[in-house]
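Since the structure is predicted, the reported quantities are computational estimates derived from the model, not experimental observations. Keep in mind that the numbers below use all heavy atoms, side chains included, and drop hydrogens, waters and symmetry copies.
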Amino acid sequence: MSTDALSPGDLTIRPPGDAPTSAGFMTHSFAVFRRPDLSAHTEVFDEWAVDALGRGDVDALADYRRKAPGASVAHPTAEHFVPLLVAVGAANDPGSATSAIERMVMGNSIRSVQLN
């Protein structure tokens, strides 16, 4: 099969009925452990991420380093945010995110989301 003959339905990366899973906190900042005053950055990042997920704004999520308030504190490096991007990309509906867990612990959001 040539790639120019593929339709989006041909590019399934998971079996029907399987849900993408991504584990981890919505924010990942050790700095807030030492400086609790920085938790305002993780809180505003969490709010931004929930809004972007709810709108299915994949472009904003992928460009979070520039678009998300508090990103430099909430995710000083990318490796703890990228799994969420993979789960969003694997979802049938990127805007289907619902919060399974949502609370702040030690200055970090431990929000976990479920996608369809």
Side-chain angles (χ1 to χ4, degrees):
M1 167 188 321
S2 79
T3 56
D4 58 354
L6 291 175
S7 69
D10 295 328
L11 301 176
T12 303
I13 62 171
R14 61 185 173 87
D18 285 357
T21 302
S22 176
F25 292 0
M26 181 60 76
T27 64
H28 193 272
S29 176
F30 287 112
V32 297
F33 296 157
R34 294 183 299 276
R35 292 195 40 211
D37 59 299
L38 292 175
S39 65
H41 295 276
T42 57
E43 290 171 9
V44 73
F45 181 92
D46 178 65
E47 292 169 8
W48 174 86
V50 168
D51 179 64
L53 284 164
R55 291 181 286 113
D57 193 342
V58 176
D59 292 332
L61 291 164
D63 198 16
Y64 78 97
R65 300 291 297 163
R66 288 191 303 200
K67 295 188 176 182
S72 64
V73 173
H75 283 284
T77 57
E79 71 270 13
H80 293 283
F81 193 69
V82 171
L84 176 65
L85 300 178
V86 172
V88 168
N92 290 324
D93 177 7
S96 67
T98 58
S99 294
I101 298 171
E102 53 181 288
R103 66 177 186 257
M104 299 295 287
V105 174
M106 296 178 65
N108 279 289
S109 167
I110 65 167
R111 181 183 306 278
S112 293
V113 297
Q114 183 175 359
L115 297 139
N116 295 320

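- A pairwise comparison of heavy atoms in Trp48 and Ala60 identifies CH2-O, 3.4 Å as the closest pair.
- When only modelled atom types and interatomic distance are considered, Thr27 and Asn108 share a side-chain donor-acceptor pair under 3.5 Å.
- Val58 and Phe81 fall within the same hydrophobic cluster, defined by Ile, Leu, Val, Met, Phe, Trp and Tyr side-chain heavy atoms under 4.5 Å apart, directly or through other members.
- Residue Leu38 is grouped with residue Phe25 when hydrophobic side chains (ILVMFWY) are merged at heavy-atom distances under 4.5 angstrom, including chains of intermediate members.
- Relative ring orientation between Phe45 and Tyr64 is described as perpendicular, the plane-to-plane angle rising above 60° on a 0-90° scale split at 30° and 60°.
- Residues Leu115 and Pro94 approach most closely at CD2-O, 3.8 Å, considering heavy atoms.
- For the pair Val113 and Ala97, the tightest heavy-atom approach, listed with the atom from each and the gap, is CB-CB, 4.4 Å.
- Residues Val32 and Phe30 fall within the same hydrophobic cluster, defined by Ile, Leu, Val, Met, Phe, Trp and Tyr side chains chained together at heavy-atom separations under 4.5 Å.
- Panel note: side chain Arg65, backbone His75; a donor-acceptor pair is recorded below 3.5 Å.
- Between Glu102 and Ser99, the shortest heavy-atom contact is OE2-CB, 3.5 Å.
- Linking ILVMFWY side-chain heavy atoms closer than 4.5 Å, directly or via other members, places Val88 and Leu85 in a single hydrophobic cluster.
- Ser109 contributes no side-chain N or O that, together with a main-chain N or O of Met26, makes up a donor-acceptor pair within less than 3.5 Å.
- Across all their heavy atoms, Leu61 and Ala49 have their closest contact at CD2-O, 4.4 Å.
- Nearest approach of Pro76 to Val73, heavy atoms of both residues: CD-O, 3.5 Å.
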